[in-house]
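Heads up: the structure comes next, in structure tokens.
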Amino acid sequence: MKKLMFLAMSAILFAACSGEDGDSSPDGNGTNGNVDSKGRVALQVTGGVEATSSLSTRVNNSAWETDDKIGVYACTHEDTPTPYSAIDGGSNVCFSITSENAGETKSEDSYTYKSFTGTTSIYLPTNGAAIDVYAYYPYTAGVTPSGHEISVATQTSQKEIDWMTTGKTENATSSSNTPITKSHPSCELLFKHCLCKVQFNLVHDDGLSADEVTTNPSVSISELPTTANLNLYTGAISNQGGTDSAIIPVKMSTAESNYDVSFEAIILPYQTTTNHTVTLILNSHTYTFNIDNSKPFVAGHKYTYNVTVKPTGLSVTAAITPWTEE
């Protein structure tokens, strides 16, 4: 099986979904006692974080945090899900990490999992029918799952624009071919970044002091699209557009090792058609360099620009690394 290693977060859903008439008594396998008074198997959720130290699953390089929320769609099982059909009570259900379960963890393979709690329960079909599960982050009420409009115009909160999806999940675990049913309500949700991350690391060279880089620093990237449509089922991005404008990366709370200051931004994946000017203002001095228009921005990839500030100008090196590796 292809092993997914993302800079991403993964989640396990122990889902239960019903609303159907008929036999209401589950067989009890794998339910861990999570059954209501009607005998319906209810949802249990654990969410995971990629555990490899050299990889970061979140734009702010941290693990899941208390109050992080994901949206979950529990759908009828289809080999070719067109259209997607959510079961009763299984449409865009919010699950979050609460203060009570924020410390709960378990490790499996290359992922570390934490528990999630649903605002409402989803119940698996009582007739034993299998379901498919789709999930996305961050949870948003009132979404259009087949084409939700997103924006990266405001970078103030990176968490709020770090869109991730799981795609179709039809097996209870990533290492088995067991369908998701009332007998096997667990479901590993492996999240993948849908957008791109850009990071700028700045350091002073001989002849300058660190203060000349860290005094009121700012970075901007010109002429980037700011809106697009995101399919929350598949993670596909389309209709990149909006008014092209400057994206203002945010200063990271901790600079990359061996650098004076670091900035990061989330941008839309797309093929560039023009050079994009990066403007740095450091200690009231303005510096610029261009991002080549021949390079596409690919979903799930991180673009790093290491900038050495010299008395005579800038020295820039660039690297591309995947957030998500398959």
Side-chain angles (χ1 to χ4, degrees), residues 7 54 56 58-62 150-162 193 195-228 240-323:
L7 296 180
S54 63
S56 56
R58 293 285 292 282
V59 293
N60 60 355
N61 298 330
S62 69
I150 62 174
S151 173
V152 296
T154 300
Q155 295 279 323
T156 305
S157 175
Q158 296 278 282
K159 288 175 57 175
E160 293 180 3
I161 59 174
D162 180 21
H193 291 281
L195 307 187
C196 311
K197 179 178 179 180
V198 181
Q199 182 170 320
F200 299 92
N201 302 316
L202 282 59
V203 66
H204 69 284
D205 199 10
D206 293 341
L208 297 176
S209 68
D211 287 345
E212 292 180 89
V213 174
T214 59
T215 301
N216 298 321
S218 68
V219 178
S220 66
I221 316 168
S222 71
E223 306 281 335
L224 290 173
T226 56
T227 63
Q240 293 91 323
T243 302
D244 286 358
S245 62
I247 295 292
I248 310 299
V250 296
K251 181 181 175 182
M252 296 170 60
S253 58
T254 302
E256 197 72 28
S257 179
N258 299 319
Y259 288 88
D260 297 322
V261 63
S262 296
F263 293 81
E264 62 183 357
I266 297 294
I267 65 173
L268 299 173
Y270 83 113
Q271 173 64 57
T272 60
T273 57
T274 184
N275 289 337
H276 299 282
T277 300
V278 178
T279 301
L280 286 71
I281 299 178
L282 310 172
N283 197 22
S284 299
H285 297 290
T286 300
Y287 304 84
T288 63
F289 66 91
N290 287 332
I291 295 177
D292 192 340
N293 64 6
S294 66
K295 303 297 184 183
F297 290 109
V298 180
H301 283 64
K302 173 183 174 181
Y303 298 81
T304 302
Y305 296 88
N306 297 322
V307 181
T308 301
V309 183
K310 301 172 175 288
T312 56
L314 302 178
S315 174
V316 181
T317 62
I320 303 172
T321 55
W323 258 344

message = Testing Q155, K197, Q199 one by one against E264 for a side-chain hydrogen bond (donor to acceptor under 3.5 Å, both in side chains), which residue passes?
response = K197

remark   = Nearest heavy-atom contact between V298 and C196 is O-SG, 3.2 Å

task = Rounded to the nearest 0.5 Å, what's the gap from NE2 on H301 to NE2 on H193? Could you check?
result = 12.0 Å

request  = Kindly give the heavy-atom pair with the smallest separation between S151 and I161, and that separation in Å.
outcome  = O-CG2, 3.5 Å

task = Would you check if there is a donor-acceptor pair between the side chains of E256 and N258 at a distance under 3.5 Å?
result = no

ask   = From Q240 CD over to L224 CG, what is the distance, rounded to the nearest 0.5 angstrom?
value = 12.0 Å

note = Residues P269 and A299: closest non-hydrogen pair is CB-N, 3.6 Å

ask   = Is there side-chain contact between P296 and Q271, with at least one heavy-atom pair below 4.5 Å?
value = yes

With a cut-off of 3.5 Å and sequence neighbours excluded, list every side-chain donor-acceptor pair involving residues 277-289.
| unit_1 | atom_1 | unit_2 | atom_2 | d |
| --- | --- | --- | --- | --- |
| T277 | OG1 | N290 | OD1 | 3.0 |

ask   = With a cut-off of 6.0 Å (strictly less than), are more than 12 heavy atoms of other residues, nucleotides or ligands near CD of E160?
value = no

Pair L314-V309, side chain to side chain contact (heavy atoms under 4.5 Å, CB included): steps then yes or no = CA-CA 5 Å; L314 302 178; V309 183; 4.0 Å; yes

Verdict with reasoning, F263 to V250, per side chain to side chain contact (heavy atoms under 4.5 Å, CB included) = CA-CA 5 Å; F263 293 81; V250 296; 6.0 Å; no

message = Restricting to ring pair (Phe, Tyr, Trp, His ring centres under 6.0 Å), what partner residues turn up for F200, sequence neighbours left out?
response = Y305

task = Applying side chain to side chain contact (heavy atoms under 4.5 Å, CB included), run through D260 and L202 and close with a yes or a no.
result = CA-CA 6 Å; D260 297 322; L202 282 59; 5.6 Å; no

ask   = What pair of heavy atoms forms the shortest contact from P249 to V219, and how long is it?
value = CD-O, 3.1 Å

inquiry  = Do I150 and L195 make a side-chain contact, defined as non-hydrogen atoms from C-beta onward lying under 4.5 Å apart?
reply    = yes

All salt bridge (charged side-chain N to carboxylate O under 4.0 Å, His left out) counterparts of D205, not counting sequence neighbours = K310

ask   = Side chain of T154, backbone of T156: donor and acceptor closer than 3.5 Å?
value = no

message = Between I221 and I291, is there a side-chain heavy-atom distance shorter than 4.5 Å?
response = yes

key: Whether Y270 and H276 hold their rings parallel, tilted or perpendicular, with breakpoints at 30° and 60°   = perpendicular

ask   = Are any non-hydrogen side-chain atoms of T226 and I247 less than 4.5 angstrom apart?
value = yes

